[in-house]
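In what follows, a structure is listed as structure tokens, so that the remarks can point back to it.
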Amino acid sequence: MDFVDKVTTLDKVYGDPQQKGVSLTNYQGRELIVIDVAQRIFGVTDIGNNQPNNEVRFLLILKNRDNDILGLPIDSHPSIIRVPKSAFIPLPDIYLTQGNIHCISSTIIKVENQSPYFVLDINQLL
């Protein structure tokens, strides 16, 4: 929650000719960097490919440590869950190195009756 500033609808994104997962959108009259998390972590392009044209996508507006703002596209409105510290567990080192995983911290969250969540390191995205 320390990094989340706002959630809004995702407008058109543009400007990623090399398919590196970093593009732009117009937000409050200025250009905002949009990070395609699936592309940055797994090498799979996500922006605009999962939703039919008539479905709304959302943009999670975040601030990094330097107070720069950036956007992360998401398919549905986010929800907040309360997680105890004991639910954070380390990922195996071999998974991080051999799985070629980037931009996540070395922990996942185990929540009862749900698939584990990876913890995204916002500062590693750029």
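Values below: all heavy atoms of this structure, side chains included; hydrogens, waters and symmetry mates excluded. Just so you know, residue 1 is the first one in the sequence shown, and it goes up from there.
Interatomic distance, Leu70 CG to Asp5 CG, rounded to the nearest 0.5 Å: 10.5 Å. Here the straight-line distance linking atom CD1 of Ile61 with atom CG of Leu32 works out to 5.0 Å at 0.5 Å rounding. Distance CG/Asp75 to CG/Leu10: 10.0 Å, rounded to 0.5 Å. Distance check, rounded to the nearest 0.5 Å: CD1 of Ile89 to CD1 of Ile109 gives 10.0 Å.
Judged as a ring-ring contact (aromatic ring centres under 6.0 Å, His included), and not counting sequence neighbours, the contacts of Phe58 are His77. Every side chain to side chain contact (heavy atoms under 4.5 Å, CB included) that Tyr14 has, sequence neighbours left out, goes to Leu24, Glu31. For Gln18, there are no side-chain hydrogen bond (donor to acceptor under 3.5 Å, both in side chains) partners two or more places apart in sequence or in a different chain. For Pro17, there are no side chain to side chain contact (heavy atoms under 4.5 Å, CB included) partners at least two apart in sequence or on another chain. Remark: Gln114 engages Val111, Tyr117 in a side chain to side chain contact (heavy atoms under 4.5 Å, CB included) (not counting sequence neighbours).
Looking only at side-chain heavy atoms (C-beta outward), Gln28 and Ile69 stay at 4.5 Å or farther from each other. Here the side chains of Arg57 and Thr9 are not in contact, with every heavy-atom distance at 4.5 Å or above.
Put simply, the residue from Leu59, Val4, Asp36, Val37 that forms a side chain to side chain contact (heavy atoms under 4.5 Å, CB included) with Leu72 is Val37.
Annotation for Gly21 and Asp16: closest pair N-OD2, 2.8 Å, computed over non-hydrogen atoms. When all heavy atoms are compared, the tightest approach of Ile35 to Pro73 is O-CD, 3.1 Å.
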(Q) Is there a side-chain contact (heavy atoms from CB on, under 4.5 Å) between Phe118 and Leu91? Walk through the geometry before answering. (A) CA-CA 9 Å; Phe118 290 94; Leu91 281 171; 3.9 Å; yes
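The pair Asp68-Lys63 fails the salt-bridge criterion, with no side-chain N (NZ, NE, NH1 or NH2) lying under 4.0 Å from an Asp/Glu carboxylate O.
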